[in-house]
Number of protein chains: 2
Amino acid sequence: MEERILSFREKARKAGLKLTPQRLAVYKELISRTDHPGAEELYESLKEKIEGISLTTIYRTLASLERAGLVIRVPTLRDKVRYDARTEPHSHFVCLECGRVYDMDCDFKENLKLSEIPEGFEVKSCSLVCYGICKECNSSNK
Amino acid sequence: MEERILSFREKARKAGLKLTPQRLAVYKELISRTDHPGAEELYESLKEKIEGISLTTIYRTLASLERAGLVIRVPTLRDKVRYDARTEPHSHFVCLECGRVYDMDCDFKENLKLSEIPEGFEVKSCSLVCYGICKECNSSNK
DNA sequence: GTGGGTGCAAAGACTTTGCAAGACG
DNA sequence: CGTCTTGCAAAGTCTTTGCACCCAC
């Protein structure tokens, strides 16, 4: 956690991002959670911690952090955009019922036949997502 | 193509969906294209072919077809939802610049270690998506 | 015939933008 | 101190919903 903050400071600086309390708070919140929150959820948590923070700032901060490679979007198939501060390749499980997003450690990268990517295309990242029904929903459906 | 329409009729019937000209048109349009259109793009094409078709109907049709398992959503990381009538597992390449979506035939399923899925979770489908810059954008950036 | 489907208009959810004031480096 | 960032409000984009009419089965 501490080291991630340090790395954050450095990466942010490299990307030309000023280190504001808002940005630090958003990033800290994101690495402290495993539920892959969207802008609204981050706002709900942070408005108690950072006085006067606005939803707009959350959105803008997430966009900046994404551009700087400090956070990634999670492909949920749903309307709302969710974010993840784990930027190393890993997988996600998305519940089609409640929308919860879980981390998975499926290592798909090593098995991937990247030879199938057509010439002229440049792959920057890959994402494996499984969709289904999560434990919570499975048990409450009974 | 013809066989897909036949299978469509049957699956639609099984799902309790009435076979309206609008639904058939949406499905036909979707299987005839490889660019994974969203509701708006489908509407633009179809309003010339089906007199008086509405955007609302496109949205509702896509929702019905998705529920019936006849089309799937493509996880693009972007705002707009795109659809694909190829429901068998395959992969996609999403261009981060222009938003175009391409099909890929990476066969990741057989290599996937599904053992890593936690107990109580039920996987219904998986999706592998590569994000990057497509051929078009790569060449126009020069 | 009748229950689901359609079209229109309006509402809704999420996200972005313009602008003036403020803060980081 | 200048430039990037913030907060507020308003606008924008995509999608869903209510309601009356219509059509496939």
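Lettering of chains follows the sequences in order, A, B, ..., and the numbering in each one begins at 1.
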Side-chain donor or acceptor of B:R82 paired with backbone N/O of B:D35 under 3.5 Å: yes
Between the protein and nucleotides 4-8 of chain D, are there any N/O to N/O pairs under 3.5 Å, and if so, what are the atom names and distances?
residue: D:dC4; atom: O4'; partner: A:K18; partner atom: NZ; Å: 3.3
residue: D:dT5; atom: OP1; partner: A:R23; partner atom: NH1; Å: 2.6
residue: D:dT5; atom: OP1; partner: A:R23; partner atom: NH2; Å: 2.8
residue: D:dT5; atom: O5'; partner: A:R23; partner atom: NH2; Å: 3.3
residue: D:dT6; atom: OP1; partner: A:T20; partner atom: OG1; Å: 2.8
residue: D:dT6; atom: O3'; partner: A:Q22; partner atom: NE2; Å: 3.0
residue: D:dG7; atom: OP1; partner: A:Q22; partner atom: NE2; Å: 3.2
residue: D:dG7; atom: OP1; partner: A:G52; partner atom: O; Å: 3.0
residue: D:dG7; atom: OP2; partner: A:S54; partner atom: N; Å: 3.3
residue: D:dG7; atom: OP2; partner: A:S54; partner atom: OG; Å: 3.3
residue: D:dG7; atom: OP2; partner: A:T57; partner atom: OG1; Å: 2.3
residue: D:dG7; atom: O5'; partner: A:G52; partner atom: O; Å: 3.4
residue: D:dG7; atom: N7; partner: A:R60; partner atom: NH2; Å: 2.9
residue: D:dG7; atom: O6; partner: A:R60; partner atom: NH2; Å: 2.6

Residues in ring-ring contact (aromatic ring centres under 6.0 Å, His included) contact with A:H92, at least two apart in sequence or another chain: A:H36, A:H90
Which residues share a ring-ring contact (aromatic ring centres under 6.0 Å, His included) with B:Y102, sequence neighbours left out: A:F121
Set of salt bridge (charged side-chain N to carboxylate O under 4.0 Å, His left out) partners for B:K135, sequence neighbours left out: none
Between P of D:dT13 and OH of A:Y59, the distance in whole Å: 16 Å
Outermost nucleotides of DNA chain C that come under 4.0 Å of a non-hydrogen atom of chain A: C:dC14 to C:dG25
Those residues that, when tested against B:L17, pass side-chain contact (heavy atoms from CB on, under 4.5 Å) (two or more places apart): B:A12, B:A15, B:R23, B:S64, B:L65, B:A68
Non-neighbouring partners of B:S45 that pass side-chain contact (heavy atoms from CB on, under 4.5 Å), sequence neighbours left out: B:E29, B:R33
Euclidean distance, atom CG of residue B:L42 to atom C1' of D:dT15 [Å, nearest integer]: 14 Å
Angle by which the axis turns from one end of the helix from C:dG1-D:dC25 to C:dG25-D:dC1 to the other, five pairs per end, to 10 degrees: 50°
With sequence neighbours excluded, residues passing ring-ring contact (aromatic ring centres under 6.0 Å, His included) with A:Y131: none
Between D:dC14 (C1') and B:L62 (CG): distance, integer Å: 13 Å
For A:A63, all residues meeting side-chain contact (heavy atoms from CB on, under 4.5 Å), sequence neighbours excluded: A:R67
Counterpart residues, side chain to side chain donor-acceptor pair (under 3.5 Å), relative to B:E66 (two or more places apart): B:R73
side-chain contact (heavy atoms from CB on, under 4.5 Å) against A:K11, all qualifying residues, sequence neighbours excluded: A:S7, A:L70
